[in-house]
Amino acid sequence: MGDCAEPSPSAHVLRLFFKRPLVLLVMAGIIARAVLIPLATYNYDIGFWATTIQHAQSGYGLYDLSGYYYTPIWGYILGSIGLMANFLFGIGSYGTIADPLLPALGAEWEYYGKMVVSPEFSLLVKSFLTLVDVVCGYLIFTLVKKLGHSDGKAALAFGLWFVCPIVIYTSAVQATFDNVSIMFMLLTLILILDGKYMTAGAIFCLAAFTKFFPAYLVFIFVVCIVRRHEDKQMQIRSLAYAVIGFLVAAFLIFLPQFMHGTTAEAFGFVVSRVSKIADPTSSMWDSIASGGNLLVVALQPLIFVVELVIAFFAYRLSDRSFKDNLMILLLLSSAAVFLWTPTPTYLLLILPFLICVVAAAETSDEKRYILPLVSIAVTATLFAITMNSFALFFQDSIYHGLISPDTILNGIEWLDAEVMTGVTRQTVLNIVTGAAVTLSIYSVFITYIYNHLKGRPSEEGCA
Amino acid sequence: MKKNMGIMTIVVLAVVMVGIGEASIYFANPYSYGSDVGIGQYSAVYSLEAPGRTEYNVISFDNHGVSPVEELIICLDGTSFYVSIKNELELRGFTNVILAEPKELTAYMGGDASGRAILFPSGLFPEEVYDGSASDPLFADWLDEGGSVYWFGCSEIPDDAYLSAFGLTSDSFNVHSVPESVSRSGEICTQLCLRSSNVYHGLRSDIGTPLAYVSESGFSSITAMRASEGTMVVMGGDMGDDHASDCAQMIAAGITYATTVLDHAEGMADGSASGEMTYSASAAENVTVYVHMGGYYTVYGERFGYGT
C-alpha cells in the first residue's frame, strides 16, 4: 500500500480558514468596505461634514455659521477628524462643485446635490466610521459573552454585525454617523451591566446627543439599573449616580453653546423636521415626506407609551426571565422607536439587539428572528440605494473619470420620468422600498406575537 | 478584568476624541491664516500663510471706478439669519457691519452713500425706506448717491409698479419653484467658488450681470445690476446655507455691477504660498485683490485695495 499523502500546506491553511466562519465573515466585511469606500460615495451628508469642519477651522464654532444642524457630539468628533485631515494627512481640498452634473439639479428628486467631496476626505471620514463598526462589533461580542453565551456565539454576533449590508452601507457609502451613537448606546448598556453607573450615565448622554434615538431606551435602561439591586436604597443611589453622570456630561458638552448663546441651534435638527410638515410641496414625494413628518410627530405619544409598557413589563419579570429576555426586551424597545418609516440608516439602532438574539438563538422561537434580521438588512439597504441611486457615482465621475456624466444624467432622467401624472419612477421606487422597510420593522413585532400566540414563549433559553 | 480594560479603553478614547474636538473648536483653535498683497499699477504680489495644506484662490478685479462696499448695513427682519451673514463676513475680513431696525435705516441713509450698502435678508423692502412707488425718493436718493442694495427677496413683488424705478417688473423674476438645471454664469462664479444655484425669485439672466448660476429657463441665481449710481444685487432661492456664504463672499470681494476679473491664481498652500499676477487695469486705483482659502469650504478671506 502506498503512503497516505499529507495535505499541502496551502490546502491545510484553506481548510482551517473555512473551519472558522468568523474569519470568513471578517474578511468579507473588510473586502466589501475596501471596494465600496473608494467607489461609492453619497455626497449629500458627507458634504455637510466638510462644511462643519470648515466652520471649525474658520474659528466660528458649530452653530455661528449655518450648515450644521445636529447636537454637538458629532460636530466635536468632526473637529478631531478635521485636525487629522489638516495636520496629519495634509488634505488640502474637501470638495468641489460637480459642474458636468449640475443638470441633475433639475430633477424632481432634490437630494442629488451639487457638491462632491474629494476622495481623500471621504476616505478619512469613512475609515473612521469603519473603525467605529469594528468597535461596535467588539461591543456586541462583549455583550453576548456578558449574557452568558459561548465565545462561538459572541464571535458569530460580531460577524453578523460586520457583514450586515446596511451597516457596511452606512459607514462605507453613505458616511452617516449612526454607528457612533450605537457605539455609545452599547457602551452604556455594558457599563450598566458592569455596575459603573456614573460612567454609564455620561456615555448615555453622549449616545442621546449624538443621535436622539438611543434616548428612547432610557426607560428600559433604568429598569436594567434597578433590576441589578434588591435593596431600594441601592437602586436609588445607582440611579442617582447615572443621573449625575448624565448631567455632568451634558453640562460639559453644551458648555460652549451656553457660553455662545447657541443652545437652541444645537437642537435645530428637531425643529427643522417639525417645520417641514408645513412646507409648501411641489411634488408627490414632497407631499409624502410632509405627511411622513406629520406621522412621526403624531406617533410620538404612542411610542412613548409602548416604551413605558415594555419597561414596566421588564420590571415585573422574575430575575431569571428578565435575564433570559433582556435582548428581546431591548429589541422590542428599539424597534418601537420606528413605528414610522425611517431613513434606512436609522435602523442600526435595532440591529445589535436583533443580531444578539439571532446569534445566541437555541430554540426555534429565537431562530425565527432570523427573518426580521435578513429582512431589515436587505430592505434597508435597498431603500438606501434607491434614494441615493446615481448620486453614488458623482465622485467616480468628477474625480476618477470612471463613469461619464452623461451616463449618470441619463440614469437620473430615467428615474425622473413620470409613470403617471405627478408620480416619477423615483417616487414609486421610494414608496415600494420604504413600504418594505416598514414591513421589516413590524416583522419584529409579528415574530414576537407569533411566538407568543403559539404558546411557546420566546423567553425560553435565551441564555 | 481584561474585558473591563477593553471597555474602559474605548470609553477613554471616545471621550478624548470628543474632548479634543470640542477644545479645538471652542477653546484652543489651532488654525491660523494670513495673507499680504501689494498692488501696483500693472501687477500684484501676494503671499499667504496657512496651518497646513490648504486650497487658495487669489483674484484681481477691476471695478472700473465703481466703489466696492466698505460699510454694510443689515436691515433686521425678525429672523436670526443676519448672524450667519455677519459671521461669514467677519471670517472674510469684513467687519464694518451695522445692524439696524427698519425704522433706524433712514438715519443711516443720509449723505454720501458711495461704498455703502444695505442688505435686506428677506421679504419686501420695509415701508420705512420704500413705499413701493416710483416716486418714493428715499431709496432713489440712496442709489443716486452711489449706495448699493443687497436683496435676498424670497418673495414675489406685489405689482409691476413696485420696482419699476429699477426697470424691473413681475416678469423680471422667476416665480416657479420647481427644481431647475443650471450652469455657471462665468469667471466670478468660478473664482469666488459661489454655491447658490437656486433660481427661484432670481432675475432673468438678460438683466444685469449673472454672477453665479443660470438656469435653462433663463434665470439667474445671483445678479448684480446697475441701479442709478449704485449696485443692486438680487439673490434668488431661499435663506439656505449657501446664501449667507455667497453673499459674504461677494461683499468681501468688493463685487459691483461693473466688476470684471483681471487675473487669478489658485493652488495648494503647503503652509505658505506666494506669487505675482500681472494685468492691464482701467486704472490702478480700480484694482482690488481678494484672497480666499478653503475653496468651496472657505475658511479665510481678505480684500486688498490699491495702495494697501
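Residue numbering restarts at 1 for every chain, and letters A, B, ... go by the order of the sequence lines.
In terms of heavy-atom pairs under 4.5 angstrom with chain B, the leader among Val135(A), Leu83(A), Ile77(A) is Leu83(A). Contacts with chain A were tallied for Asn198(B), Thr54(B), Ile10(B), Ile20(B); Ile10(B) has the most, counting heavy-atom pairs under 4.5 Å. Contact count against chain A (heavy-atom pairs under 4.5 Å) is highest for Pro30(B) among Ala50(B), Ser183(B), Ala244(B), Pro30(B). The residue among Ser197(B), Gly294(B), Ser32(B), Ala269(B) with the most heavy atom pairs within less than 4.5 Å of chain A is Ser197(B). Of the listed residues Val182(B), Asp270(B), Val15(B), Val83(B), the one with more heavy-atom pairs under 4.5 angstrom with chain A than any other is Val182(B).
Remark: the backbone N or O of Leu65(A) is not paired with any side-chain donor or acceptor of Ser84(B) at under 3.5 angstrom. A side-chain donor-acceptor contact under 3.5 Å links Ser80(A) to the backbone of Gly21(B). Side-chain atoms of Gln54(A) come within 3.5 Å of backbone atoms of Thr298(B) as a donor-acceptor pair (strictly under, hydrogens ignored). Judged by distance alone, with hydrogens and angles left aside, the side-chain atoms of Asn29(B) form a donor-acceptor pair with the main-chain N or O of Ala56(A) at under 3.5 Å.
Heavy atoms closer than 4.5 Å to chain A are found in both the backbone and the side chain of Glu88(B). At a 4.5 Å heavy-atom cutoff, the contact between Met17(B) and chain A is made by backbone and side-chain atoms alike. Looking at Ala107(A), only its backbone comes within 4.5 Å of chain B, counting heavy atoms on both sides. For a residue to count as touching a neighbouring chain, one of its non-hydrogen atoms must lie under 4.5 Å from one of that chain's; by this rule Glu216(B) does not touch chain A. In this structure, the portion of Phe48(A) lying under 4.5 Å from any heavy atom of chain B is its side chain and not its backbone. The part of Leu194(B) that comes within reach of chain A is its backbone (N, CA, C, O), which places non-hydrogen atoms under 4.5 angstrom from that chain. For chain B, the nearby part of Ile190(A) is the side chain; its heavy atoms alone come within less than 4.5 Å. Only the side chain of Leu139(A) comes within contact range of chain B, with heavy atoms under 4.5 Å apart. Interface remark: Phe128(A) contributes side-chain atoms only to the contact with chain B (heavy atom separation under 4.5 Å).
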Run Leu62(A) and Tyr26(B) through side-chain contact (heavy atoms from CB on, under 4.5 Å) and show every step you take. CA-CA 9 Å; Leu62(A) 296 177; Tyr26(B) 284 106; 3.6 Å; yes

Test log, rule salt bridge (charged side-chain N to carboxylate O under 4.0 Å, His left out), inputs Lys86(B) and Asp64(A): CA-CA 9 Å; Lys86(B) 192 166 173 292; Asp64(A) 292 318; over 6 Å; no

Please assess Thr190(B) against Ile97(A) for the test side-chain contact (heavy atoms from CB on, under 4.5 Å), listing each intermediate value before the final yes or no. CA-CA 10 Å; Thr190(B) 303; Ile97(A) 295 258; over 6 Å; no

Could you walk me through whether Leu105(A) and Ser181(B) pass the side-chain contact (heavy atoms from CB on, under 4.5 Å) check? CA-CA 5 Å; Leu105(A) 296 177; Ser181(B) 171; 5.9 Å; no

Step by step, work out the side-chain contact (heavy atoms from CB on, under 4.5 Å) result for His55(A) and Leu91(B). CA-CA 10 Å; His55(A) 293 171; Leu91(B) 90 83; over 6 Å; no

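Looking at every heavy atom in both residues, Lys114(A) comes nearest to Arg195(B) through CE-O, 2.5 Å. Minimum interatomic distance between Val18(B) and Tyr76(A) (heavy atoms only, all atoms of both residues): O-CB, 3.5 Å.
At least one side-chain heavy atom of Asp99(A) sits less than 4.5 Å from a side-chain heavy atom of Arg184(B). Residues Phe27(B) and Pro256(A) have side chains in contact (heavy-atom distance under 4.5 Å, counting atoms from C-beta outward). Inter-residue side-chain proximity for Glu110(A) and Pro179(B) is flagged as met; some heavy-atom pair is nearer than 4.5 Å. Put simply, the side chain of Arg53(B) does not reach to within 4.5 Å of the side chain of Phe89(A), judged on heavy atoms. Between Ile7(B) and Tyr138(A), some side-chain heavy-atom pair lies under the 4.5 Å cut-off.
Looking at Tyr297(B), Tyr33(B), Tyr300(B) one by one, the single match for side chain to side chain contact (heavy atoms under 4.5 Å, CB included) with Gln57(A) turns out to be Tyr33(B).
Other residues, nucleotides and ligands contribute at most 12 non-hydrogen atoms within 6.0 Å of the CD atom of Glu413(A). Taking a 6.0 Å sphere around CD of Glu49(B), one finds it holds 12 or fewer heavy atoms contributed by other residues, nucleotides or ligands.
The OG atom of Ser58(A) sits 12.5 Å away from the CE atom of Met293(B) when rounded to the nearest 0.5 Å.
Centroid-to-centroid, the aromatic rings of Tyr31(B) and Phe87(A) come within less than 6.0 Å.
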